[in-house]
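Below is one structure; the comments refer to it alone.
Letters A, B, ... are given to chains in the order of the sequence lines, protein chains preceding strands, and every chain is numbered from 1. Predicted model only: the values in this text are computed from it and were never measured.
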There are 2 protein chains.
Amino acid sequence: MPVSFAEILSSAPGSFSHACPTRTVLDHVMSRWGVLVLAALSDGTLRWGELRRAVDGISEKMLGSTLRTLTADGLVARRSLPSVPPHVEYSLTDLGRDLTERMLPLLAWISDNAGDIVERGEAVAAVQDSSRLDV
Amino acid sequence: MPVSFAEILSSAPGSFSHACPTRTVLDHVMSRWGVLVLAALSDGTLRWGELRRAVDGISEKMLGSTLRTLTADGLVARRSLPSVPPHVEYSLTDLGRDLTERMLPLLAWISDNAGDIVERGEAVAAVQDSSRLDV
DNA sequence: CTGTATCCAATTCGATACTG
DNA sequence: CAGTATCGAATTGGATACAG
């Protein structure tokens, strides 16, 4: 049976209200780069440089910032091997794996339907050219 | 069988790369307010004022902007009844319903685990006080 | 190789005020 | 009731340079 938003809210009253921890997690996890880093790690351990290449377009600043947040949240594990040159590995924790398991179907759907969606969005954009959320 | 990110990428090469439409959709759908608006509508049709109350903390500007984007994307339908005072209803399209179906399990998980996550995050924050992604 | 620090541009967002 | 317009503050994010 499909879960409903109302059921989520009633089982955890106050969920997703302004000051709720769920909002914080939502911001970390659903952030522009958070999703992509988690998705990249869902296939296995990656090093800093590999992650940088895997997540196309991310800057070093954002990679560092995102990794620090996700690590602090206990979703990503950082393992530093004491070697020269440095060798650092990032991987999902059990919690992180649990999360990505639920995230991947969503990403798969987006991958399948993105074409239709932006096509539609651009057609509308051509007509009404007021400010929109991104492009 | 669980879908893997590698499988998603191989079935749609170039997915989630910098200039790919998937990135645009990701930004719309996983945006701070996009998720919450879609989730609110997943339980049924809502009017402007109801949405404003349902999505705690959203400003009128962001509600308008988010609704315009999601409507343009074909995820949300807008129905205006010609009455005085105005009566406008927002609901999910079939595409939108399809999307939220895959989104709700993720939200349910976050609702369940948010407590543990921010607790951990704050403990770390107390130690290392450099700039972090949000708080 | 693995990051951090700094500067600066662009964007986001909220508050407020206003219109049909 | 259902929005739009404008403004300014805060945040984001990228480029670059630099450090362990």
Inset, instruction - Report, as yes or no, whether the 6.0 Å neighbourhood of atom CZ on B/R97 holds more than 12 heavy atoms from other residues, nucleotides or ligands. - result: yes

[X] has an atom [atom1]; how far is it from atom [atom2] of [N], in whole Å?
X     : N      : atom1 : atom2 : value
B/L36 : C/dC13 : CG    : C1'   : 15 Å
B/L63 : D/dA2  : CG    : C1'   : 10 Å
B/R32 : D/dT12 : CZ    : P     : 8 Å
B/L46 : D/dA2  : CG    : P     : 11 Å
B/R68 : C/dC13 : CZ    : P     : 13 Å
B/M30 : D/dT12 : CE    : P     : 17 Å
A/L51 : C/dT2  : CG    : C1'   : 12 Å

Inset, instruction - Scan A/I110, A/D116, A/N113 and name whichever one has a side chain to side chain contact (heavy atoms under 4.5 Å, CB included) with B/V25. - result: A/I110

Hey, is the main chain of [Y] close enough, under 3.5 Å, to the side chain of [X] for a donor-acceptor pair?
X     : Y     : answer
B/T93 : B/G96 : yes
A/S65 : A/K61 : no
A/T71 : A/A77 : no

Legend entry - Angle by which the axis turns from one end of the helix from C/dC1-D/dG20 to C/dG20-D/dC1 to the other, five pairs per end, to 10 degrees: 50°

Inset, instruction - May I ask you to verify if any side-chain N or O of B/R78 is less than 4.0 angstrom from the OP1 or OP2 atom of D/dG3? - result: yes

Inset, instruction - Give a yes/no answer on whether the side chain of A/Y90 brings an N or O atom under 4.0 Å of OP1 or OP2 in C/dG3. - result: yes

Name the closest nucleotide to the [X] side chain, picking from [options].
X     : options               : value
B/M62 : D/dA2, C/dC13, D/dT4  : C/dC13
B/E60 : C/dG14, D/dG20, D/dG3 : D/dG3
A/R47 : D/dC1, C/dT4, C/dC1   : C/dC1

Inset, instruction - Kindly determine whether A/F16 and B/L107 satisfy side chain to side chain contact (heavy atoms under 4.5 Å, CB included), including the steps that lead there. - result: CA-CA 9 Å; A/F16 302 108; B/L107 295 183; 4.0 Å; yes

Inset, instruction - Please tell me which of A/H18 and A/R53 maps to the more 5' nucleotide of DNA chain C, matching each residue to the nucleotide holding its nearest heavy atom. - result: A/R53

Legend entry - Sub-4.5 Å side-chain heavy-atom contact between A/L41 and A/L70: no

Inset, instruction - Answer with base, sugar-phosphate or nothing: what part of the nucleic acid does B/R52 contact at a heavy-atom distance below 4.0 Å? - result: nothing

Inset, instruction - Determine the contact category for A/G49: base if any of its heavy atoms lies under 4.0 Å from a base atom, sugar-phosphate if only primed atoms, P, OP1 or OP2 are that close, otherwise nothing. - result: sugar-phosphate

Legend entry - Residue met sooner reading DNA chain D from 5', once B/K61 and B/W48 are mapped to nucleotides: B/W48

